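Each remark here refers to the structure printed beneath this line.
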Amino acid sequence: MALSLYNTLTRHSDPFTPIEDALVRLYTCGPTVYNFAHIGNLRTYVFEDILKRVLRASGLAVRHVMNVTDVGHLTSDADAGEDKMALGAAREGKSVWEIADFYWQAFRADMQRLNLQEPDVWCKATDHIPEQIALIRTLEEKGFTYVADDGVYFDTSKLSDYGKLARQDLKALKAGARVEMSQSKRNPPDFALWKFSPKDKQRLMEWPSPWGVGFPGWHIECSAMAVKYLGERVDIHCGGIDHIPVHHTNEIAQAEAALGHQWVNWWLHGEFLVMAKDESGAGGKMSKSSGGFLTIATLVEKGYDPLAYRYFCLNAHYRQQLAFSWEGLDAAAHAFAHLKKTALELRKGYTGREKPLAAAMEEFLTACQDDLNMPRALASAWTMLRTPASPGELYATLLAMDEVLGLGIAAMQEESVGLSEAEIQQYIAARQAARKAKDFDQADAIRKELVAKGIVLEDGPAGTIWRKA
RNA sequence: GGCGGCAUAGCCAAGUGGCCCAAGGCGACGGUUUGCAAAACCGUUAUUCGUGGGUUCGACUCCCACUGCCGCCUCCA
(Lines give C-alpha, C1' and ligand atoms only; values in the text may rest on other atoms or scores of the structure.)
Protein backbone atom coordinates (compact mmCIF):
# COMPACT_ATOMS: atom_id res chain seq x y z
CA MET A 1 0.00 0.00 0.00
CA ALA A 2 1.87 3.03 -1.23
CA LEU A 3 0.33 6.44 -1.36
CA SER A 4 1.65 8.75 -4.04
CA LEU A 5 0.77 12.42 -4.23
CA TYR A 6 1.64 15.06 -6.78
CA ASN A 7 3.68 17.81 -5.17
CA THR A 8 3.55 21.23 -6.79
CA LEU A 9 6.93 21.97 -5.27
CA THR A 10 8.67 19.15 -7.16
CA ARG A 11 6.20 18.94 -10.04
CA HIS A 12 5.85 15.23 -9.84
CA SER A 13 4.15 12.47 -7.98
CA ASP A 14 6.16 10.98 -5.12
CA PRO A 15 5.52 8.33 -2.47
CA PHE A 16 4.11 10.15 0.51
CA THR A 17 5.72 9.87 3.92
CA PRO A 18 4.69 12.02 6.85
CA ILE A 19 7.22 13.73 9.10
CA GLU A 20 5.91 11.84 12.08
CA ASP A 21 5.10 8.19 11.47
CA ALA A 22 1.37 8.06 11.86
CA LEU A 23 0.25 11.66 12.00
CA VAL A 24 -0.27 13.89 9.01
CA ARG A 25 -0.25 17.62 9.66
CA LEU A 26 -2.62 19.08 7.11
CA TYR A 27 -3.40 22.72 6.49
CA THR A 28 -5.99 23.79 3.97
CA CYS A 29 -6.74 27.36 3.01
CA GLY A 30 -10.31 28.09 4.01
CA PRO A 31 -12.99 30.47 2.84
CA THR A 32 -13.09 34.24 2.91
CA VAL A 33 -16.43 34.73 4.58
CA TYR A 34 -17.99 37.67 2.82
CA ASN A 35 -20.31 35.73 0.52
CA PHE A 36 -21.55 32.22 -0.14
CA ALA A 37 -19.08 29.73 -1.52
CA HIS A 38 -19.81 28.87 -5.12
CA ILE A 39 -19.58 25.34 -6.46
CA GLY A 40 -16.18 26.10 -7.97
CA ASN A 41 -14.81 26.95 -4.53
CA LEU A 42 -16.45 23.86 -3.18
CA ARG A 43 -14.76 21.62 -5.72
CA THR A 44 -11.46 22.34 -4.01
CA TYR A 45 -12.88 21.44 -0.62
CA VAL A 46 -14.21 18.19 -2.04
CA PHE A 47 -10.71 17.39 -3.26
CA GLU A 48 -9.26 18.16 0.17
CA ASP A 49 -11.87 15.99 1.82
CA ILE A 50 -10.95 13.12 -0.47
CA LEU A 51 -7.29 13.66 0.39
CA LYS A 52 -8.07 13.45 4.08
CA ARG A 53 -10.16 10.32 3.66
CA VAL A 54 -7.51 8.63 1.53
CA LEU A 55 -4.84 9.43 4.11
CA ARG A 56 -7.03 7.86 6.77
CA ALA A 57 -7.84 4.86 4.60
CA SER A 58 -4.08 4.45 4.23
CA GLY A 59 -3.75 4.03 7.97
CA LEU A 60 -2.61 7.53 8.81
CA ALA A 61 -4.07 9.84 11.42
CA VAL A 62 -4.70 13.37 10.23
CA ARG A 63 -4.68 16.64 12.11
CA HIS A 64 -6.50 19.06 9.87
CA VAL A 65 -6.47 22.82 10.33
CA MET A 66 -8.55 25.22 8.26
CA ASN A 67 -8.59 28.96 8.51
CA VAL A 68 -11.49 31.34 8.13
CA THR A 69 -10.48 34.61 6.54
CA ASP A 70 -12.70 37.15 8.21
CA VAL A 71 -10.42 40.15 7.91
CA GLY A 72 -11.51 42.51 5.22
CA HIS A 73 -8.87 42.31 2.57
CA LEU A 74 -9.02 44.41 -0.51
CA THR A 75 -10.75 43.53 -3.72
CA SER A 76 -7.60 44.25 -5.65
CA ASP A 77 -3.93 44.58 -5.14
CA ALA A 78 -2.08 47.38 -3.43
CA ASP A 79 -4.09 50.37 -2.35
CA ALA A 80 -6.78 50.14 -4.94
CA GLY A 81 -10.10 48.46 -4.35
CA GLU A 82 -12.46 48.15 -1.49
CA ASP A 83 -12.60 46.05 1.62
CA LYS A 84 -14.51 42.87 0.80
CA MET A 85 -15.94 42.41 4.27
CA ALA A 86 -17.05 46.03 4.46
CA LEU A 87 -18.61 45.66 1.05
CA GLY A 88 -20.60 42.66 2.22
CA ALA A 89 -21.67 44.44 5.37
CA ALA A 90 -22.85 47.49 3.46
CA ARG A 91 -24.67 45.31 0.96
CA GLU A 92 -26.63 43.52 3.66
CA GLY A 93 -26.88 46.20 6.31
CA LYS A 94 -25.08 44.12 8.91
CA SER A 95 -21.90 44.49 10.88
CA VAL A 96 -18.74 42.94 9.50
CA TRP A 97 -18.75 40.50 12.40
CA GLU A 98 -22.28 39.40 11.63
CA ILE A 99 -21.35 38.96 8.00
CA ALA A 100 -18.33 36.85 8.90
CA ASP A 101 -20.27 34.61 11.22
CA PHE A 102 -23.20 34.24 8.85
CA TYR A 103 -21.12 33.17 5.89
CA TRP A 104 -18.90 30.92 7.96
CA GLN A 105 -21.98 29.07 9.19
CA ALA A 106 -23.29 28.96 5.63
CA PHE A 107 -19.99 27.43 4.55
CA ARG A 108 -20.19 24.80 7.27
CA ALA A 109 -23.72 23.97 6.17
CA ASP A 110 -22.46 23.51 2.61
CA MET A 111 -19.70 21.26 3.89
CA GLN A 112 -22.23 19.17 5.72
CA ARG A 113 -24.43 18.84 2.67
CA LEU A 114 -21.44 17.64 0.65
CA ASN A 115 -20.36 15.19 3.35
CA LEU A 116 -17.10 17.07 3.91
CA GLN A 117 -15.55 16.17 7.24
CA GLU A 118 -14.92 19.21 9.39
CA PRO A 119 -11.35 20.14 10.23
CA ASP A 120 -10.01 19.36 13.69
CA VAL A 121 -9.25 23.02 14.15
CA TRP A 122 -11.08 26.00 12.72
CA CYS A 123 -9.16 29.20 13.14
CA LYS A 124 -10.29 32.72 12.39
CA ALA A 125 -7.85 35.36 11.33
CA THR A 126 -9.35 37.93 13.68
CA ASP A 127 -8.86 35.62 16.66
CA HIS A 128 -5.14 35.48 15.95
CA ILE A 129 -4.02 39.06 15.57
CA PRO A 130 -1.35 38.75 18.31
CA GLU A 131 0.14 35.67 16.62
CA GLN A 132 0.30 37.51 13.33
CA ILE A 133 1.92 40.54 14.91
CA ALA A 134 4.44 38.27 16.61
CA LEU A 135 5.32 36.66 13.29
CA ILE A 136 5.79 40.05 11.65
CA ARG A 137 8.05 41.08 14.57
CA THR A 138 10.18 38.01 14.02
CA LEU A 139 10.49 38.88 10.35
CA GLU A 140 11.35 42.44 11.29
CA GLU A 141 14.04 41.26 13.70
CA LYS A 142 15.52 39.09 11.00
CA GLY A 143 15.59 42.00 8.60
CA PHE A 144 13.00 40.86 6.06
CA THR A 145 10.69 43.84 6.36
CA TYR A 146 10.51 47.53 5.71
CA VAL A 147 7.96 50.11 6.71
CA ALA A 148 6.41 52.24 3.98
CA ASP A 149 3.84 54.99 4.37
CA ASP A 150 0.90 52.64 3.98
CA GLY A 151 2.13 49.53 5.72
CA VAL A 152 4.81 47.05 6.64
CA TYR A 153 6.10 45.08 3.67
CA PHE A 154 8.00 41.85 3.16
CA ASP A 155 11.14 42.44 1.15
CA THR A 156 11.21 39.60 -1.35
CA SER A 157 14.67 40.57 -2.59
CA LYS A 158 16.08 39.23 0.70
CA LEU A 159 15.15 35.68 -0.24
CA SER A 160 17.18 33.88 -2.86
CA ASP A 161 14.55 31.29 -3.57
CA TYR A 162 11.47 33.51 -3.65
CA GLY A 163 8.92 32.15 -6.07
CA LYS A 164 10.22 28.58 -6.05
CA LEU A 165 6.73 27.13 -5.80
CA ALA A 166 5.43 28.93 -8.86
CA ARG A 167 8.76 28.66 -10.67
CA GLN A 168 8.32 32.18 -11.77
CA ASP A 169 10.97 34.22 -13.37
CA LEU A 170 10.91 37.50 -11.51
CA LYS A 171 12.25 39.41 -14.46
CA ALA A 172 9.58 38.03 -16.72
CA LEU A 173 7.04 38.84 -14.07
CA LYS A 174 8.15 42.44 -14.10
CA ALA A 175 8.10 42.66 -17.85
CA GLY A 176 4.61 41.25 -18.16
CA ALA A 177 3.17 43.13 -15.23
CA ARG A 178 -0.21 44.56 -15.98
CA VAL A 179 -0.67 46.09 -12.60
CA GLU A 180 0.80 49.33 -11.55
CA MET A 181 3.11 48.77 -8.69
CA SER A 182 2.21 50.39 -5.44
CA GLN A 183 4.44 53.41 -5.04
CA SER A 184 5.55 52.30 -1.63
CA LYS A 185 6.82 48.86 -2.66
CA ARG A 186 10.49 48.38 -3.35
CA ASN A 187 10.10 45.33 -5.54
CA PRO A 188 7.02 44.29 -7.51
CA PRO A 189 6.48 40.98 -5.69
CA ASP A 190 6.81 42.53 -2.22
CA PHE A 191 3.64 42.13 -0.22
CA ALA A 192 2.02 43.72 2.80
CA LEU A 193 2.39 42.10 6.19
CA TRP A 194 0.48 44.88 7.94
CA LYS A 195 -1.52 47.66 6.38
CA PHE A 196 -2.21 50.95 8.12
CA SER A 197 -5.74 52.26 8.42
CA PRO A 198 -6.37 55.30 6.28
CA LYS A 199 -5.75 58.48 8.26
CA ASP A 200 -8.99 60.13 7.29
CA LYS A 201 -11.44 57.42 8.28
CA GLN A 202 -11.87 54.60 10.72
CA ARG A 203 -12.03 51.07 9.37
CA LEU A 204 -14.69 48.68 10.57
CA MET A 205 -11.97 46.24 11.57
CA GLU A 206 -8.66 47.51 12.86
CA TRP A 207 -6.20 46.73 15.59
CA PRO A 208 -3.26 48.44 17.26
CA SER A 209 0.20 47.17 16.40
CA PRO A 210 3.81 48.20 17.04
CA TRP A 211 3.75 49.94 13.66
CA GLY A 212 0.41 51.67 13.95
CA VAL A 213 -3.30 51.00 13.82
CA GLY A 214 -4.30 48.83 10.92
CA PHE A 215 -4.95 45.26 9.85
CA PRO A 216 -2.90 42.26 8.84
CA GLY A 217 -1.97 41.48 5.26
CA TRP A 218 -3.74 38.60 3.62
CA HIS A 219 -0.96 36.01 3.62
CA ILE A 220 0.28 36.32 7.16
CA GLU A 221 -2.74 34.71 8.83
CA CYS A 222 -2.22 31.28 7.31
CA SER A 223 1.43 31.12 8.26
CA ALA A 224 0.84 32.35 11.80
CA MET A 225 -2.02 29.97 12.46
CA ALA A 226 -0.45 26.99 10.76
CA VAL A 227 2.62 27.34 12.97
CA LYS A 228 0.46 27.73 16.06
CA TYR A 229 -1.66 24.65 15.45
CA LEU A 230 0.65 22.36 13.51
CA GLY A 231 4.12 23.34 14.60
CA GLU A 232 7.08 24.47 12.56
CA ARG A 233 6.84 21.75 9.97
CA VAL A 234 3.76 20.84 7.99
CA ASP A 235 3.21 17.72 5.91
CA ILE A 236 0.64 18.96 3.44
CA HIS A 237 -0.71 22.38 2.60
CA CYS A 238 -3.54 22.62 0.09
CA GLY A 239 -5.54 25.14 -1.80
CA GLY A 240 -6.80 26.09 -5.19
CA ILE A 241 -4.40 26.28 -8.09
CA ASP A 242 -4.78 30.06 -8.17
CA HIS A 243 -2.92 30.26 -4.87
CA ILE A 244 0.33 29.03 -6.32
CA PRO A 245 1.76 32.29 -7.72
CA VAL A 246 0.79 34.70 -4.99
CA HIS A 247 -0.73 33.45 -1.77
CA HIS A 248 1.25 30.27 -1.29
CA THR A 249 4.38 31.78 -2.73
CA ASN A 250 4.18 34.53 -0.14
CA GLU A 251 3.28 32.17 2.64
CA ILE A 252 6.41 30.19 1.90
CA ALA A 253 8.49 33.36 1.79
CA GLN A 254 7.39 34.70 5.14
CA ALA A 255 7.17 31.38 6.96
CA GLU A 256 10.56 30.10 5.82
CA ALA A 257 12.18 33.47 6.42
CA ALA A 258 10.85 33.42 9.98
CA LEU A 259 11.48 29.74 10.70
CA GLY A 260 14.81 29.48 8.93
CA HIS A 261 14.05 26.11 7.37
CA GLN A 262 11.72 24.41 4.93
CA TRP A 263 8.19 24.72 6.18
CA VAL A 264 5.84 22.52 4.13
CA ASN A 265 6.82 19.24 2.48
CA TRP A 266 3.87 18.78 0.14
CA TRP A 267 1.88 21.40 -1.67
CA LEU A 268 -1.25 20.08 -3.31
CA HIS A 269 -3.46 22.20 -5.53
CA GLY A 270 -6.91 21.60 -6.92
CA GLU A 271 -7.74 22.66 -10.46
CA PHE A 272 -10.66 24.86 -11.33
CA LEU A 273 -14.19 24.08 -12.18
CA VAL A 274 -14.87 25.98 -15.37
CA MET A 275 -18.17 26.83 -16.93
CA ALA A 276 -18.82 25.11 -20.22
CA LYS A 277 -19.25 27.54 -23.05
CA ASP A 278 -22.83 28.47 -23.71
CA GLU A 279 -24.41 29.80 -26.89
CA SER A 280 -23.33 33.33 -26.08
CA GLY A 281 -19.75 32.18 -25.81
CA ALA A 282 -19.61 32.93 -22.11
CA GLY A 283 -17.73 30.43 -20.06
CA GLY A 284 -14.53 29.88 -18.20
CA LYS A 285 -13.77 30.35 -14.56
CA MET A 286 -16.68 30.80 -12.24
CA SER A 287 -16.85 34.25 -10.71
CA LYS A 288 -19.39 36.84 -9.85
CA SER A 289 -18.59 39.08 -12.76
CA SER A 290 -18.76 36.42 -15.45
CA GLY A 291 -19.64 32.82 -15.95
CA GLY A 292 -22.41 32.69 -13.36
CA PHE A 293 -22.31 32.16 -9.64
CA LEU A 294 -23.78 28.84 -8.64
CA THR A 295 -24.10 27.78 -5.03
CA ILE A 296 -25.22 24.57 -3.41
CA ALA A 297 -28.47 26.34 -2.62
CA THR A 298 -28.93 26.98 -6.37
CA LEU A 299 -28.50 23.29 -7.09
CA VAL A 300 -30.93 22.32 -4.35
CA GLU A 301 -33.50 24.78 -5.69
CA LYS A 302 -33.20 23.09 -9.05
CA GLY A 303 -33.88 19.76 -7.42
CA TYR A 304 -30.39 18.29 -7.24
CA ASP A 305 -29.09 16.37 -4.27
CA PRO A 306 -25.89 18.13 -3.12
CA LEU A 307 -24.24 14.73 -3.10
CA ALA A 308 -24.89 14.48 -6.83
CA TYR A 309 -22.51 17.42 -7.10
CA ARG A 310 -19.99 15.57 -4.97
CA TYR A 311 -20.33 12.61 -7.33
CA PHE A 312 -19.87 14.99 -10.25
CA CYS A 313 -16.57 16.17 -8.76
CA LEU A 314 -15.39 12.63 -8.11
CA ASN A 315 -15.83 11.78 -11.75
CA ALA A 316 -12.85 13.94 -12.72
CA HIS A 317 -9.29 14.04 -11.44
CA TYR A 318 -8.59 16.93 -9.07
CA ARG A 319 -5.64 18.20 -11.12
CA GLN A 320 -7.72 18.43 -14.25
CA GLN A 321 -10.03 21.27 -15.11
CA LEU A 322 -13.61 20.13 -14.88
CA ALA A 323 -16.18 21.64 -17.19
CA PHE A 324 -19.47 22.31 -15.48
CA SER A 325 -22.65 21.94 -17.47
CA TRP A 326 -26.19 21.08 -16.49
CA GLU A 327 -26.00 18.12 -18.83
CA GLY A 328 -22.93 16.92 -16.98
CA LEU A 329 -24.57 17.41 -13.60
CA ASP A 330 -27.63 15.53 -14.83
CA ALA A 331 -25.45 12.61 -15.85
CA ALA A 332 -23.85 12.60 -12.39
CA ALA A 333 -27.24 12.88 -10.72
CA HIS A 334 -28.53 9.88 -12.68
CA ALA A 335 -25.45 7.86 -11.87
CA PHE A 336 -25.74 8.80 -8.20
CA ALA A 337 -29.44 7.89 -8.09
CA HIS A 338 -28.63 4.58 -9.73
CA LEU A 339 -25.94 3.91 -7.16
CA LYS A 340 -28.32 4.79 -4.37
CA LYS A 341 -30.98 2.46 -5.66
CA THR A 342 -28.46 -0.33 -6.00
CA ALA A 343 -27.17 0.28 -2.48
CA LEU A 344 -30.66 0.21 -0.96
CA GLU A 345 -31.40 -3.02 -2.78
CA LEU A 346 -28.15 -4.68 -1.69
CA ARG A 347 -28.66 -3.55 1.90
CA LYS A 348 -31.67 -5.85 2.21
CA GLY A 349 -29.27 -8.77 2.06
CA TYR A 350 -26.75 -7.32 4.47
CA THR A 351 -26.50 -8.74 7.98
CA GLY A 352 -23.62 -6.64 9.24
CA ARG A 353 -21.29 -9.62 9.38
CA GLU A 354 -20.12 -9.66 5.77
CA LYS A 355 -16.58 -8.58 4.99
CA PRO A 356 -15.59 -6.36 2.08
CA LEU A 357 -14.26 -8.20 -0.96
CA ALA A 358 -10.48 -8.03 -0.68
CA ALA A 359 -9.59 -7.94 -4.37
CA ALA A 360 -12.08 -5.19 -5.12
CA MET A 361 -10.90 -3.15 -2.15
CA GLU A 362 -7.32 -3.43 -3.24
CA GLU A 363 -8.10 -2.22 -6.71
CA PHE A 364 -10.12 0.64 -5.29
CA LEU A 365 -7.46 1.72 -2.82
CA THR A 366 -4.71 1.45 -5.39
CA ALA A 367 -6.58 3.96 -7.54
CA CYS A 368 -7.17 6.25 -4.54
CA GLN A 369 -3.52 6.11 -3.60
CA ASP A 370 -2.39 6.92 -7.10
CA ASP A 371 -2.59 10.65 -6.55
CA LEU A 372 -6.28 10.44 -5.65
CA ASN A 373 -7.43 8.99 -8.93
CA MET A 374 -11.11 9.04 -8.06
CA PRO A 375 -12.43 8.48 -11.59
CA ARG A 376 -10.58 5.18 -11.56
CA ALA A 377 -11.67 4.41 -8.02
CA LEU A 378 -15.28 5.09 -8.95
CA ALA A 379 -14.93 2.87 -12.02
CA SER A 380 -13.65 0.07 -9.80
CA ALA A 381 -16.68 0.51 -7.54
CA TRP A 382 -19.05 0.05 -10.48
CA THR A 383 -17.12 -2.96 -11.67
CA MET A 384 -17.23 -4.40 -8.16
CA LEU A 385 -21.03 -4.16 -8.14
CA ARG A 386 -21.10 -6.56 -11.06
CA THR A 387 -18.85 -9.19 -9.51
CA PRO A 388 -20.51 -12.45 -8.53
CA ALA A 389 -20.89 -12.22 -4.76
CA SER A 390 -23.71 -12.10 -2.27
CA PRO A 391 -25.66 -8.84 -1.87
CA GLY A 392 -24.37 -8.63 1.69
CA GLU A 393 -20.75 -8.83 0.56
CA LEU A 394 -21.28 -6.29 -2.19
CA TYR A 395 -22.91 -3.94 0.26
CA ALA A 396 -20.11 -4.39 2.78
CA THR A 397 -17.60 -3.56 0.06
CA LEU A 398 -19.54 -0.52 -1.05
CA LEU A 399 -19.70 0.68 2.55
CA ALA A 400 -15.95 0.30 2.92
CA MET A 401 -15.35 2.21 -0.31
CA ASP A 402 -17.68 4.92 0.87
CA GLU A 403 -15.26 5.70 3.69
CA VAL A 404 -13.33 7.42 0.92
CA LEU A 405 -16.07 8.29 -1.56
CA GLY A 406 -18.18 9.93 1.11
CA LEU A 407 -21.41 9.53 -0.81
CA GLY A 408 -23.34 8.71 2.33
CA ILE A 409 -24.18 5.10 1.46
CA ALA A 410 -24.89 4.10 5.06
CA ALA A 411 -27.26 7.01 5.59
CA MET A 412 -29.26 6.51 2.41
CA GLN A 413 -32.97 6.13 2.96
CA GLU A 414 -35.95 5.45 0.79
CA GLU A 415 -37.38 8.88 0.16
CA SER A 416 -40.58 9.74 1.94
CA VAL A 417 -43.67 11.10 0.25
CA GLY A 418 -46.91 12.77 1.31
CA LEU A 419 -48.87 9.53 1.66
CA SER A 420 -48.51 7.02 4.45
CA GLU A 421 -47.33 3.50 3.72
CA ALA A 422 -50.80 2.13 4.51
CA GLU A 423 -52.46 4.54 2.08
CA ILE A 424 -50.09 3.60 -0.68
CA GLN A 425 -50.68 -0.07 0.01
CA GLN A 426 -54.42 0.53 -0.39
CA TYR A 427 -53.82 1.99 -3.83
CA ILE A 428 -51.59 -0.91 -4.73
CA ALA A 429 -54.19 -3.43 -3.57
CA ALA A 430 -56.93 -1.70 -5.54
CA ARG A 431 -54.81 -1.71 -8.66
CA GLN A 432 -53.89 -5.33 -8.11
CA ALA A 433 -57.56 -6.24 -7.97
CA ALA A 434 -58.22 -4.34 -11.19
CA ARG A 435 -55.33 -6.11 -12.87
CA LYS A 436 -56.63 -9.49 -11.76
CA ALA A 437 -59.97 -8.63 -13.28
CA LYS A 438 -58.09 -7.62 -16.44
CA ASP A 439 -59.49 -4.13 -16.04
CA PHE A 440 -56.27 -2.50 -17.21
CA ASP A 441 -57.85 0.87 -17.84
CA GLN A 442 -58.73 1.06 -14.16
CA ALA A 443 -55.28 -0.24 -13.15
CA ASP A 444 -53.57 2.37 -15.28
CA ALA A 445 -55.84 5.07 -13.88
CA ILE A 446 -54.73 4.23 -10.36
CA ARG A 447 -51.11 4.23 -11.40
CA LYS A 448 -51.61 7.60 -13.03
CA GLU A 449 -53.25 8.96 -9.92
CA LEU A 450 -50.25 8.00 -7.84
CA VAL A 451 -47.85 9.51 -10.35
CA ALA A 452 -49.68 12.78 -9.84
CA LYS A 453 -48.87 12.42 -6.14
CA GLY A 454 -45.22 11.81 -6.95
CA ILE A 455 -45.24 8.05 -6.56
CA VAL A 456 -44.14 5.58 -9.17
CA LEU A 457 -45.25 1.94 -9.05
CA GLU A 458 -43.04 -0.82 -10.29
CA ASP A 459 -44.20 -4.38 -10.78
CA GLY A 460 -41.45 -6.81 -9.99
CA PRO A 461 -41.25 -10.54 -9.47
CA ALA A 462 -41.80 -10.02 -5.73
CA GLY A 463 -44.91 -7.93 -6.25
CA THR A 464 -45.51 -4.25 -6.69
CA ILE A 465 -43.24 -1.75 -5.03
CA TRP A 466 -43.36 2.04 -5.05
CA ARG A 467 -40.77 4.76 -5.11
CA LYS A 468 -40.65 8.50 -5.23
CA ALA A 469 -40.86 9.93 -8.73
C1' G B 1 3.17 40.26 -24.41
C1' G B 2 5.27 36.32 -20.85
C1' C B 3 4.32 31.49 -18.42
C1' G B 4 1.67 26.90 -17.83
C1' G B 5 -2.04 23.24 -18.98
C1' C B 6 -5.43 20.61 -22.00
C1' A B 7 -7.41 18.28 -26.85
C1' U B 8 -9.74 10.39 -25.99
C1' A B 9 -16.90 7.88 -28.46
C1' G B 10 -23.38 11.87 -28.65
C1' C B 11 -21.83 13.94 -23.37
C1' C B 12 -18.60 13.69 -18.76
C1' A B 13 -14.02 11.26 -18.13
C1' A B 14 -9.67 7.45 -16.83
C1' G B 15 -5.41 5.54 -19.21
C1' U B 16 0.51 8.42 -20.61
C1' G B 17 5.83 3.46 -24.47
C1' G B 18 3.72 -3.22 -25.64
C1' C B 19 -1.49 -5.94 -20.63
C1' C B 20 -5.33 -0.44 -25.01
C1' C B 21 -9.01 -3.17 -31.51
C1' A B 22 -8.67 2.34 -24.91
C1' A B 23 -11.78 1.85 -17.78
C1' G B 24 -16.16 3.70 -15.68
C1' G B 25 -20.57 6.71 -15.72
C1' C B 26 -24.53 9.28 -18.49
C1' G B 27 -27.23 8.97 -23.02
C1' A B 28 -28.91 6.11 -27.26
C1' C B 29 -30.26 1.52 -29.56
C1' G B 30 -31.51 -3.92 -29.31
C1' G B 31 -33.02 -7.92 -26.00
C1' U B 32 -34.95 -10.36 -21.31
C1' U B 33 -39.10 -9.10 -18.28
C1' U B 34 -44.25 -6.77 -18.24
C1' G B 35 -51.36 -6.76 -19.60
C1' C B 36 -48.80 -2.15 -21.04
C1' A B 37 -45.16 0.32 -18.49
C1' A B 38 -41.34 1.43 -15.09
C1' A B 39 -37.17 -0.35 -12.84
C1' A B 40 -33.54 -3.92 -13.13
C1' C B 41 -30.48 -7.08 -15.87
C1' C B 42 -27.87 -8.63 -20.55
C1' G B 43 -25.86 -6.95 -25.21
C1' U B 44 -24.33 -3.09 -28.85
C1' U B 45 -22.36 1.84 -29.05
C1' A B 46 -13.86 4.87 -30.33
C1' U B 47 -9.54 -1.05 -35.03
C1' U B 48 -9.16 4.51 -32.55
C1' C B 49 -7.10 8.68 -29.09
C1' G B 50 -7.29 17.42 -32.49
C1' U B 51 -4.12 17.80 -37.47
C1' G B 52 0.61 16.90 -39.91
C1' G B 53 5.46 15.09 -39.43
C1' G B 54 9.37 12.47 -36.53
C1' U B 55 11.75 8.91 -32.83
C1' U B 56 11.04 3.56 -31.84
C1' C B 57 10.81 -3.39 -33.22
C1' G B 58 6.33 -0.96 -31.18
C1' A B 59 3.02 5.54 -29.50
C1' C B 60 -3.14 7.59 -27.25
C1' U B 61 1.37 7.54 -24.43
C1' C B 62 8.07 10.53 -26.25
C1' C B 63 9.81 14.85 -29.75
C1' C B 64 8.62 18.94 -33.34
C1' A B 65 5.14 21.98 -35.91
C1' C B 66 0.22 23.55 -36.58
C1' U B 67 -4.92 24.36 -35.01
C1' G B 68 -8.36 25.00 -31.08
C1' C B 69 -9.67 25.64 -25.94
C1' C B 70 -8.51 26.99 -20.87
C1' G B 71 -5.85 28.96 -16.74
C1' C B 72 -2.12 32.18 -14.51
C1' C B 73 0.76 36.77 -14.70
C1' U B 74 -4.49 41.32 -10.52
C1' C B 75 -8.59 39.80 -5.27
C1' C B 76 -9.74 34.78 -6.49
C1' A B 77 -10.94 27.61 -4.98
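Predicted model only: the values in this text are computed from it and were never measured. A, B, ... follow the sequence lines: proteins, then strands. Residue 1 opens every chain.
Side-chain contact annotation: A:Thr464 with A:Asp459, donor-acceptor N/O pair under 3.5 Å present.
What separates CD1 of A:Ile428 from P of B:rA38 is a distance of 18 Å, to the nearest Å. Nucleotide B:rC72 holds its P atom 14 Å from the NE2 atom of A:His269, rounded to whole Å. At whole-Å resolution of the value, CG in A:Leu457 and C1' in B:rG35 are 15 Å apart. Whole-Å rounding puts the A:Arg435 CZ to B:rC36 C1' distance at 9 Å. A:Phe272 has its CZ atom 13 Å from the C1' atom of B:rG4, to the nearest Å. At whole-Å resolution of the value, CG in A:Asp70 and C1' in B:rC75 are 17 Å apart. Between the CD1 atom of A:Ile241 and the P atom of B:rA77 there is a distance of 14 Å, given to the nearest Å.
Residues from residues 436-447 of chain A that place a heavy atom under 4.0 Å from any atom of RNA chain B, listed by number: A:Phe440, A:Asp444, A:Arg447. Residues of residues 380-400 of chain A that place a heavy atom closer than 4.0 Å to RNA chain B, in numerical order, are A:Trp382, A:Thr383, A:Arg386.
Residues satisfying the salt bridge (charged side-chain N to carboxylate O under 4.0 Å, His left out) criterion with A:Arg347, sequence neighbours excluded, are absent altogether. Partners of A:Val300 according to the side-chain contact (heavy atoms from CB on, under 4.5 Å) rule, which considers only residues two or more places apart in sequence or in another chain, are A:Arg113, A:Ile296, A:Pro306. Taking the side-chain contact (heavy atoms from CB on, under 4.5 Å) definition, one finds that A:Val54 meets it with A:Leu3, A:Ile50, A:Ser58, A:Cys368, A:Gln369, A:Leu372, A:Val404, sequence neighbours left out. Applying the side-chain hydrogen bond (donor to acceptor under 3.5 Å, both in side chains) rule to A:Gln320 yields no partners; only residues at least two apart in sequence or on another chain are considered. Under the side-chain contact (heavy atoms from CB on, under 4.5 Å) criterion, A:Arg319 pairs with A:Tyr6, A:His317, A:Asp371, not counting sequence neighbours. For the side-chain hydrogen bond (donor to acceptor under 3.5 Å, both in side chains) test, no residue two or more places apart in sequence or in another chain qualifies with A:Thr397.
A:Asp49 and A:Arg53 are joined by a salt bridge, as a carboxylate oxygen and a charged side-chain nitrogen come within less than 4.0 angstrom of each other.
Residue pairs satisfying the ring-ring contact (aromatic ring centres under 6.0 Å, His included) criterion with at least one member in residues 363-402 of chain A, sequence neighbours excluded, are listed as follows: A:His338-A:Trp382, A:Tyr350-A:Tyr395. Here salt bridge (Lys or Arg N to Asp or Glu O under 4.0 Å) pairs that include residues 377-394 of chain A, with residues two or more places apart or in two chains, number zero.
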Base versus backbone protein contacts along nucleotides 9-19 of chain B [heavy-atom cut-off under 4.0 Å; B, S, -]: --SBSSS----
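Backbone-only engagement by A:His338 is indicated by non-hydrogen atom pairs under 4.0 Å involving sugar-phosphate atoms exclusively.
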Watson-Crick and G-U pairing of RNA chain B written in dot-bracket, each distance under 3.5 angstrom, with | for inter-strand partners: (((((((..(((.....[.....)))((((((.......))))))....(((((..]....))))))))))))....
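Which of B:rG25, B:rA39, B:rC70 sits closest to the side chain of A:Val274 comes down to B:rC70. For A:Thr44, the side-chain atoms get nearest to B:rA77 when compared with the rest of B:rA39, B:rG25, B:rA77. Here the nucleotide nearest the side chain of A:Pro245, chosen from B:rC72, B:rA38, B:rC36, is B:rC72.
With hydrogens and angles ignored, the 3.5 Å screen pairs no side-chain donor or acceptor of A:Asp70 with any backbone N or O of A:Ala100.
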Ring pair (Phe, Tyr, Trp, His ring centres under 6.0 Å) between A:Tyr229 and A:Tyr27, worked out: CA-CA 9 Å; A:Tyr229 294 108; A:Tyr27 188 92; 9.1 Å; no
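For A:Phe36 and A:Tyr103, the ring centers sit closer than 6.0 Å to each other.
Judged by atom type and distance alone, A:Asp242 does not reach the base of B:rC73 through any side-chain donor-acceptor pair under 3.5 Å.
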